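What you are looking at is a predicted structure, and each value in this text was computed from that prediction instead of being measured.
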Amino acid sequence: MGNSGGTLTIRTGADLRGFMERAGFTDAEDAGSPADGWQVVEVAASEARSVADLARSTGAPVLLVSYLDSDVGFVEAAAPGSRTWQALLDRAAAEDYGIPLEQFPVEQAVKDAMSWALAAGLTPDEERARRAFTGSAVFAEDLASLLVAALGLPVPG
């Protein structure tokens, strides 16, 4: 059985517990602090959570990748003062699950990811992001790692 929770990455030095609870994130477990004030938190699956609320309340950029049994990754991100965007990881697996791919256009995802990364003060790699959004892998977490690197986020050591 694969992962059906998610990984949240946020740039803040604040204690996130209260912020995360108010934004609907439960059963959160610290997964590390890679560098430059970024925190990585493993979160349980939940329908009632809001990346936009978390970004607004903390004043920090937020990236969430939720997993469907480690087969598909659903990306949701927000930064203060900008809109929330969504993307999909492993389109082939998503299609097998009957997920409507047209709701997750690749080029819009690339554009949104680049804008988010720049707003977060990062140096993104557009081609690597495109590969993350169009690639396939045994585990969606591998594509999420590619996306994290493509966005210029520090990678946990």
TODO: Following the transitive rule for hydrophobic clusters with a side-chain heavy-atom cut-off under 4.5 Å over Ile, Leu, Val, Met, Phe, Trp and Tyr, establish whether Y97 and L101 coincide in one cluster.
DONE: yes

Open item on the list: For residues L146 and M114: do they belong to one hydrophobic cluster (side chain heavy atoms under 4.5 Å, members Ile, Leu, Val, Met, Phe, Trp, Tyr)?
Closed with: no

Testing the basics here: between [X] and [Y], what is the closest heavy-atom pair and its distance to 0.1 Å?
X    : Y   : answer
A109 : W85 : O-CZ3, 4.2 Å
F104 : A87 : CD2-C, 3.8 Å
A77  : L63 : CB-CD1, 3.8 Å
T58  : L54 : OG1-O, 2.7 Å
A78  : T84 : CB-OG1, 3.7 Å
A140 : G73 : CB-N, 3.7 Å

Open item on the list: Checking one residue: V138. Which other hydrophobic residues are in its cluster under the side-chain 4.5 Å linking rule?
Closed with: F139

Any residue meeting side chain to side chain donor-acceptor pair (under 3.5 Å) with [X], in chain and number order, not counting sequence neighbours:
X    : answer
Q103 : none
R83  : D112
E126 : R130

Open item on the list: Evaluate T7 against V148 for side chain to side chain contact (heavy atoms under 4.5 Å, CB included), listing each step before the verdict.
Closed with: CA-CA 11 Å; T7 304; V148 163; over 6 Å; no

Hey, could you give me the [atom1]/[atom2] distance between [X] and [Y], rounded to the nearest 0.5 Å?
X    : Y    : atom1 : atom2 : value
L118 : T123 : CG    : OG1   : 7.5 Å
S70  : D142 : OG    : CG    : 9.0 Å
R131 : D125 : CZ    : CG    : 6.5 Å

Open item on the list: Does atom CD (Q108) have a neighbourhood of more than 12 heavy atoms from anything else shown, all under 6.0 Å?
Closed with: yes

TODO: Report yes if some heavy atom in the side chain of L8 is under 4.5 Å from a heavy atom in the side chain of V62; otherwise report no.
DONE: yes

TODO: Using salt bridge (charged side-chain N to carboxylate O under 4.0 Å, His left out) as the criterion, list what pairs up with R91, not counting sequence neighbours.
DONE: none

Open item on the list: Can you list everything that forms a salt bridge (charged side-chain N to carboxylate O under 4.0 Å, His left out) with D53? Sequence neighbours excluded, please.
Closed with: R56

- [ ] Check each of L89, V65, I99 against F74 using the side-chain contact (heavy atoms from CB on, under 4.5 Å) test, and report the only one that passes.
- [x] I99

- [ ] Begin from the C-alpha positions of W116 and V75 and carry the test side chain to side chain contact (heavy atoms under 4.5 Å, CB included) through to its verdict.
- [x] CA-CA 12 Å; W116 179 89; V75 179; over 6 Å; no

